[in-house]
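Quick caveat, the model's predicted, so the values are computed rather than measured. Remember, it's 1-based here, ligands and their atoms both numbered in the order they're listed.
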Amino acid sequence: MRDVAIIGVSQTKFGELWEKSFRDLVVEAGVAAIRDANMVGDDLDAMYIGNMSGGLFVGQEHIGALIAEHSGLAPIPATRVEAACASGGLALRQAIMAVASGYYDHVMAAGVEKMTDVVDATPAIAAAADQEWEAQQGVTFPSLYAMMARRHMYEYGTTREQIAGFAVLGHKNGALNPKAQFQREISIDAVLNSTKVAEPLNLLDCSPVSDGAAAVIVVPADEAQKYTDTPVYVRASTQASDTIALHSRKSLTTIQSTVLASRKAYEIAGLKPEDMDVAEVHDCFSINGLLAIEDLGFFEKGKGGQAIEDGLIERDSDIAVNTSGGLKARGHPLGATGIAQAAEVTWQLRQEADKRQVSDVENGLTLNIGGTGGTAAVHILSINRK
Ligand code: COA
């Protein structure tokens, strides 16, 4: 296998983007990533596009060909990748594997979702749950994560304030990110007093409904210096699966796919959780951010709440989590999220994260989750090739 490097990244602004169409968003992101890589479109050999549900959100399927045509890059092979909210992470993984194997040399991984065109996004999002055993019984993602939150509070004494603290952190960082959907700080009280969605989770515990796209260009590591002085090396790209339905799990407080994918990633990279300086983790609901920092091994199981309360994942701490604002504040256009996470870690590693830049960054991690953890994709990125 060949080593792989990221040489270009981009993200559109995330938010309610009425003036931009689905296809415009992904082309905008793709063109910006190609420019960032100092390439031209004709240099690309293939593209992989993460998208959860173009069909339900904008009535559009056959997304690979649509994007290849609209970007003017046809006839290059363009493949849509779907794994619910982990679609972007898996598209990135497909691109990395294609380059690592030697099948292609220059590959774009993009992600896109346009969610705000439907009146109610909830049924489309719920399609990522088990239809027979969850969605058709009226269960939605906020209620699934609410059960996980309740159980964590019961088993570990985690407080409601500690869970809310993850959303507060996201908004604090998002306030510094011009591409974030929400660029304002919030307080613990604001989270606790916001509209109830599925107890104990309130509106400000939830990631929003978002439009947006992001793109990443990957090439063989040996070629990276031809395009950029600041290549970011892919040290590991892993994926694991778990039961899609929550009730089939042994535990509601551990996302086993995260544990397995991250342990494999640390092994491949030859790095440990404590070697990570920044991490973009999947906080579709505040409790999921808390579970992530435990399941990734940054903190012991049951200690995530205290870590949040003690400020141990802030920008000036040993592990700076969700410097972009995370899904909560940057926004969560489902298929774009995994790619946007890689873009943020790349900007941090290249020292290009402006006001949210963390000092002394060498290694970073992304965790992109589908559903309640049926899929987890982990990437470890570094300024060091080995
Ligand atoms: N965080 C912060 N503010 C939010 C928000 C969120 N998640 N969602 C909406 N808002 C704001 C809106 O900007 C709007 O503010 P304004 O009045 O100043 O313009 C206000 O709250 C009402 O917005 P509205 O669109 O009417 O909210 P809603 O009640 O329809 O939707 C949620 C709120 C929480 C139900 C919706 O954001 C949601 O479903 N989130 C979860 C998405 C999800 O499940 N993703 C996949 C995870 S697996």
Side-chain angles (χ1 to χ4, degrees), residues 14-18 50-53 56-57 82-89 111 113-130 134-135 139-149 164 166-175 180-188 190-212 242 244-246 255 257-258 281-289 291-292 322 325-338 340-341 367-377:
F14 284 0
E16 258 185 78
L17 307 175
W18 296 109
N51 173 254
M52 174 180 153
S53 201
L56 293 177
F57 287 121
E82 188 278 312
C85 307
S87 300
E113 210 78 53
K114 182 121 181 59
M115 302 169 72
T116 66
D117 286 1
V118 289
V119 175
D120 182 8
T122 304
I125 299 170
D130 183 320
E134 293 179 323
V139 177
T140 60
F141 275 102
S143 58
L144 288 165
Y145 276 102
M147 288 190 259
M148 295 160 98
F166 203 94
V168 172
L169 171 87
H171 275 256
K172 188 173 173 187
N173 290 337
Q181 181 159 350
F182 299 120
Q183 296 171 34
R184 62 166 198 275
E185 296 201 25
I186 57 172
S187 63
I188 300 266
V191 181
L192 301 186
N193 293 317
S194 59
T195 309
K196 290 196 186 315
V197 174
E199 277 197 83
L201 301 179
N202 296 347
L203 186 134
L204 288 176
D205 289 288
C206 304
S207 59
V209 171
S210 316
D211 304 329
D242 197 355
I244 187 166
L246 197 57
I255 295 188
S257 55
T258 302
V281 308
H282 198 97
D283 61 322
C284 47
F285 300 95
S286 48
I287 179 63
N288 202 15
L291 295 179
N322 288 7
L327 282 58
K328 175 71 206 73
R330 180 189 54 214
H332 183 27
L334 315 174
T337 286
Q341 291 176 321
L367 168 65
N368 190 199
I369 285 179
T372 49
T375 303

Q: Using a distance threshold of 4.0 Å (strictly less than), state whether atom 17 (O) of ligand 1 has a protein heavy-atom neighbour.
A: no
Q | Protein contact to atom 1 (N) of ligand 1 [nearest heavy atom, distance to 0.1 Å] | A | K328 NZ, 2.7 Å
Q. Counting only non-hydrogen atoms of the protein, does one fall under 4.0 Å from atom 5 (C) of ligand 1?
A. yes
Q: Specify the closest pair of heavy atoms between S87 and G335, including all atoms of both residues, with the distance to one decimal.
A: CB-CA, 4.1 Å
**Q.** Protein non-hydrogen atom below 4.0 angstrom of atom 20 (C) of ligand 1 present
**A.** no
(Q) Residue-level breakdown please: for C284 versus ligand 1, do any non-hydrogen atoms fall below 4.0 Å on the side chain, on the backbone, on both, or on neither? (A) side chain
Q. What is the nearest protein non-hydrogen atom to atom 3 (N) of ligand 1, stated with its residue, atom name and distance?
A. F182 CZ, 3.4 Å
**Q.** Close side-chain approach of D283 to S207, heavy-atom, < 4.5 Å
**A.** no
Q. Any protein heavy atom lying closer than 4.0 Å to atom 37 (O) of ligand 1?
A. yes
Q.
Distance check, rounded to the nearest 0.5 Å: N202 atom CG versus S194 atom OG?
A. 4.0 Å
Q. Which heavy atom of the protein is the closest neighbour of atom 7 (N) of ligand 1, given with residue, atom name and distance?
A. C206 O, 2.7 Å
Q: Return the residue, atom name and 0.1 Å-rounded distance of the protein heavy atom closest to atom 46 (C) of ligand 1.
A: I125 CG2, 3.6 Å
(Q) Could you tell me if the side chain of D205 sits less than 4.5 Å from the side chain of Y145, heavy atoms only? (A) no
Q: With rounding to the nearest 0.5 Å, note down the distance linking CD in Q181 to NE2 in H171.
A: 9.0 Å
Q. Is there a donor-acceptor pair under 3.5 Å between the side chain of K328 and the backbone N or O of V168?
A. no
Q.
Quick check: do V209 and V118 have side-chain heavy atoms less than 4.5 Å from each other?
A. no
Q) Counting each atom of ligand 1 from 1 as listed, which ones have a heavy atom of F285 under 4.0 Å away? A) 44 (O), 47 (C)
**Q.** Distance from atom 39 (O) of ligand 1 to nearest protein heavy atom, with residue and atom
**A.** V209 CG2, 4.1 Å
Q. Considering only heavy atoms, does T140 approach ligand 1 within less than 4.0 Å through its side chain, its backbone, both, or neither?
A. neither
**Q.** Minimum side-chain heavy-atom gap F141-C284 below 4.5 Å
**A.** no
Q.
When you compare the side chain of L334 with that of C85, does any pair of heavy atoms fall below 4.5 Å?
A. yes
**Q.** Between N51 and E82, a side-chain donor and acceptor under 3.5 Å
**A.** no
Q. What protein heavy atom is closest to atom 42 (C) of ligand 1, reported as residue, atom name and distance in Å?
A. S207 O, 3.5 Å
Q. Within a distance of under 4.0 Å, is there any protein heavy atom near atom 11 (C) of ligand 1?
A. no
(Q) Contact between ligand 1 and E16 is defined here as a heavy atom of the residue under 4.0 Å from a ligand atom; is it met? (A) no
Q. How far is atom 31 (O) of ligand 1 from its nearest protein heavy atom, and which residue and atom is that?
A. L203 CD1, 4.7 Å
